[in-house]
Amino acid sequence: MNSKTQTPHQKPARVTGVAHLFAAASYSLGGLRRLWQETAFRHIVTALPVCCVLLYAVGANFTDYCVLLILFFCLIAIEALNTAIECIVDHLAPQWEVFARDAKDLGSLATMCLLFANGVFLGAVVLRSYVLA
């Protein structure tokens, strides 16, 4: 669409008080709907039950499940931020640019670090179950 024919959007009015809680929840659900469009996020969501089954198979305790959930929520948060970076970069640089590549690579690195953290945790729980068995 041509920027000369496109009408600018009005900034929504600021929401305060209790209504802000509902508005914030609505924004978060919108983010979740947007994130669901990402294949990486759907893989993360699919991996969680698989990891829970793995923990169950090795006899993990309640704390292990809690740590797994915390790590997965962190992974989802980082994936959401990575997606936000990609959206902004794609808007700012529709053509290939060095800064765009760098921004996307750094977001990807952050996601990979959390994936490794999840893998290290799962490996430690599995290893512990075989060492203590």
Side-chain angles (χ1 to χ4, degrees):
M1 200 179 259
N2 187 331
S3 62
K4 292 180 182 176
T5 61
Q6 187 177 16
T7 357
H9 295 282
Q10 290 288 331
K11 185 176 180 179
R14 187 175 182 95
V15 180
T16 59
V18 175
H20 175 73
L21 296 175
F22 292 105
S26 172
Y27 304 148
S28 296
L29 288 174
L32 185 60
R33 278 192 298 275
R34 172 57 185 88
L35 198 54
W36 186 256
Q37 296 172 15
E38 297 294 317
T39 302
F41 175 69
R42 292 192 306 272
H43 288 164
I44 293 167
V45 170
T46 303
L48 180 58
V50 171
C51 291
C52 286
V53 168
L54 174 65
L55 289 183
Y56 179 78
V58 298
N61 59 42
F62 179 74
T63 303
D64 294 333
Y65 286 99
C66 290
V67 171
L68 178 71
L69 282 175
I70 290 167
L71 286 172
F72 264 88
F73 283 134
C74 289
L75 180 57
I76 289 168
I78 292 297
E79 183 59 36
L81 292 173
N82 183 37
T83 300
I85 290 168
E86 290 177 355
C87 289
I88 292 168
V89 165
D90 289 345
H91 176 75
L92 293 176
Q95 305 300 320
W96 188 91
E97 299 284 346
V98 173
F99 85 89
R101 181 206 59 207
D102 291 347
K104 288 183 173 191
D105 288 353
L106 290 165
S108 180
L109 173 64
T111 301
M112 186 183 71
C113 287
L114 251 304
L115 284 168
F116 283 159
N118 277 271
V120 167
F121 171 72
L122 288 169
V125 172
V126 168
L127 185 62
R128 181 188 70 204
S129 73
Y130 286 110
V131 170
L132 296 177

For residues 41-51, run the donor-acceptor check on the side chains, cut-off 3.5 Å, and write out each pair with its distance to 0.1 Å, sequence neighbours left out.
unit_1, atom_1, unit_2, atom_2, d
R42, NH1, W36, O, 2.7
R42, NH1, Q37, O, 3.2
R42, NH2, T39, OG1, 3.3
T46, OG1, R42, O, 2.8

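With Y130 contributing its side chain and V58 its backbone, the two residues share no donor-acceptor pair below 3.5 Å.
Applying the side-chain hydrogen bond (donor to acceptor under 3.5 Å, both in side chains) test to pairs two or more places apart or on separate chains, none has a residue in residues 19-29. Identified under the salt bridge (charged side-chain N to carboxylate O under 4.0 Å, His left out) test for residues 65-80, with sequence neighbours left out: none. Applying the side-chain hydrogen bond (donor to acceptor under 3.5 Å, both in side chains) test to pairs two or more places apart or on separate chains, those with a residue in residues 89-99 are D90-K104.
Interatomic distance, L71 CG to I76 CD1, rounded to the nearest 0.5 Å: 11.5 Å. Between E86 atom CD and S108 atom OG the span is 8.0 Å, to the nearest 0.5 Å. In this structure, CG in L75 is found 10.5 Å from CG in L68, a value given to the nearest 0.5 Å. Taken to the nearest 0.5 Å, the CG atom of L115 stands 8.5 Å off from the CZ atom of F72.
Residues satisfying the side-chain contact (heavy atoms from CB on, under 4.5 Å) criterion with V120, sequence neighbours excluded, are absent altogether. With sequence neighbours excluded, the residues satisfying side chain to side chain donor-acceptor pair (under 3.5 Å) with E38 are R34. N61 is linked by a side chain to side chain donor-acceptor pair (under 3.5 Å) to nothing, counting only residues two or more places apart in sequence or in another chain. A search for side chain to side chain donor-acceptor pair (under 3.5 Å) contacts involving N118 returns nothing, not counting sequence neighbours.
The shortest heavy-atom contact between D64 and F121 is O-CZ, 3.3 Å. Of all heavy-atom pairs spanning C74 and L114, the tightest one is CB-CD1, 3.8 Å. The two residues V15 and A23 come nearest to each other via the heavy atoms CG1-CB, 4.2 Å. The nearest pair of heavy atoms linking A103 to I85 is O-CG2, 3.8 Å.
Through direct or relayed side-chain contacts under 4.5 Å between Ile, Leu, Val, Met, Phe, Trp and Tyr, F116 connects to L109, M112. Residues I88, F99 make up the rest of the hydrophobic cluster containing L92, defined by ILVMFWY side-chain heavy atoms closer than 4.5 Å, directly or through other members. Applying the 4.5 Å side-chain rule to ILVMFWY residues, one finds that F62 remains a lone member of its cluster. Members clustered with V18: F22, by chain and number, using a 4.5 Å side-chain heavy-atom cutoff among hydrophobic residues.
Side-chain contact between L106 and N82 is absent, with no heavy atoms from C-beta onward closer than 4.5 Å.
Two different hydrophobic clusters hold L54 and I70 under the rule that ILVMFWY side chains link at heavy-atom gaps under 4.5 Å.
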